[in-house]
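Reminder, nothing fancy here: chain letters follow the sequence lines and each chain counts from 1.
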2 protein chains.
Amino acid sequence: MDALQSLRRRYLQLVDNLSPSARTAYDAVTRRELLPKGYYLCRQGFVCRTIATLQSGSARIFHLKPEGRSGATDVTTAFFFPGDFVTSFQSFYLQVPSQSAIQLLEESAVTLLDYDALQSLRAAYPEIDQIDRLSNDYYTMWLEQRIFSLQFHTAAERYADLLRNEPYLVQKVPLSYIASYLGITLETLSRIRARID
Amino acid sequence: MDALQSLRRRYLQLVDNLSPSARTAYDAVTRRELLPKGYYLCRQGFVCRTIATLQSGSARIFHLKPEGRSGATDVTTAFFFPGDFVTSFQSFYLQVPSQSAIQLLEESAVTLLDYDALQSLRAAYPEIDQIDRLSNDYYTMWLEQRIFSLQFHTAAERYADLLRNEPYLVQKVPLSYIASYLGITLETLSRIRARID
DNA sequence: AAGCCGATTTGACTAATGTCAAAAACGGTC
DNA sequence: GACCGTTTTTGACATTAGTCAAATCGGCTT
């Protein structure tokens, strides 16, 4: 877990210390935008063509499953924070339709980069290829840790972890997002919260 | 899911079609071994120094947690099959102590490659770097899918999936491994099986 | 074939979580 | 400050999975 954070620092440093030529090339193909709360960076069923670097704000990735008796259920599988590269991994790297949607949780400043542009940058600048690789490794380890947590910890422990790691999140997003992220219903989450204080 | 398998085929093809020079360099630094059932490719708490390509046989990666009242509990988090690159991802790529152990489930033929040797090969042969990257991407997508399955499917559905995707597995490994992999107790798994036929 | 040992199944009971429905709390608007 | 819609909490009950213990099954040995 500490190893995870140091990996994250490594790729963020590489981003900050791009060589002038790589920086110029990067700036030429990316665009910075301030996008409103609720904006979709990626829609379920569509190919995710861009990867966003989150400068400020937050986002979530979620999956809509149709069947549920009481309408569709919306299950959040991850949250994103500043410094994260935001995309639907499989959809972006394989350019296939996404199984999930990504939505901003608040107004956010992002830097957008298209798939083709990223591939060109990677081919031309080893340092950018390195960032891409490290950030993917980071994501992979984050996933490993999440599975660990889903398999080994109780819902109450997972909520406590979340409170510890992302306290601000609990302030600003609906409980239903957090509950589905933890793999429980919002009633159960509410009861866990009641028991804590 | 289909995208996943095609990605796997892509990296396996690259392995088969290495250029003669890359092949020679690869053969020079790897060793093929036939290892017995129960052999540990990696021990919990130690740095995983090698990555194994599984030629035949199978393996599992598991985590021992000490606390349990009735002795330590042993939770399987993945199984490996021929064509897989077998290692503890975080431990190998960051060279930090592993949180899990990897054990052969039967006598297996493997090709062993040390961390330093892999880094040299990657630097010298772009095609090997490409294989490493694709296989990591494959693993990442596999993890994503596994989280999906843990979060969206019931234990019974996950067992049915396993039966469909890895039928041979059910024949040769103890139910307790499969149960912990599915995130349930072996009694529950036994009851699920009883209900199926 | 009998005996043994580990793996699996079954049973009875308990604990945890889900479901459905209603009440309370909260936020923004007029 | 009253009103409205949304979010969160609470309650009662059903369902699912976990726990502990005993019975059965299967393969192996002698």
Quiz item: So which of residues 171-190 of chain A are in contact with DNA chain C, with a heavy-atom cut-off of under 4.0 Å?
Solution: A:G183, A:I184, A:T185, A:E187, A:T188
Quiz item: Is there a donor-acceptor pair under 3.5 Å between the side chain of A:Q44 and the backbone N or O of A:L64?
Solution: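 Present.
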Exercise. Without swapping roles, check the side chain of A:R49 against the backbone of A:F92 for a donor-acceptor pair under 3.5 Å.
Key: no
Distance in angstrom units between [X] [atom1] and [N] [atom2], rounded:
X	N	atom1	atom2	answer
A:H153	C:dT17	NE2	C1'	19 Å
B:I192	D:dT16	CD1	C1'	10 Å
A:Y159	C:dT17	OH	P	15 Å

Quiz item: In terms of heavy-atom contacts, does CZ of B:R31 have more than 12 from other residues, nucleotides or ligands at under 6.0 Å?
Solution: yes
Quiz prompt | A:R122 atom CZ, neighbour heavy-atom count above 12 within 6.0 Å | solution =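 Enclosed.
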Exercise. Show your reasoning for whether salt bridge (charged side-chain N to carboxylate O under 4.0 Å, His left out) applies to B:R158 and B:D161.
Key: CA-CA 5 Å; B:R158 277 178 269 142; B:D161 283 355; over 6 Å; no
Quiz item: From the list D:dT19, C:dT9, C:dT17, which nucleotide is the closest neighbour of the side chain of B:R191?
Solution: D:dT19
Self-check item: Residue pair A:R8 / A:P82: nearest heavy atoms and the distance that separates them
Solution: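 Closest heavy-atom pair between A:R8 and A:P82: NH2-O, 2.9 Å.
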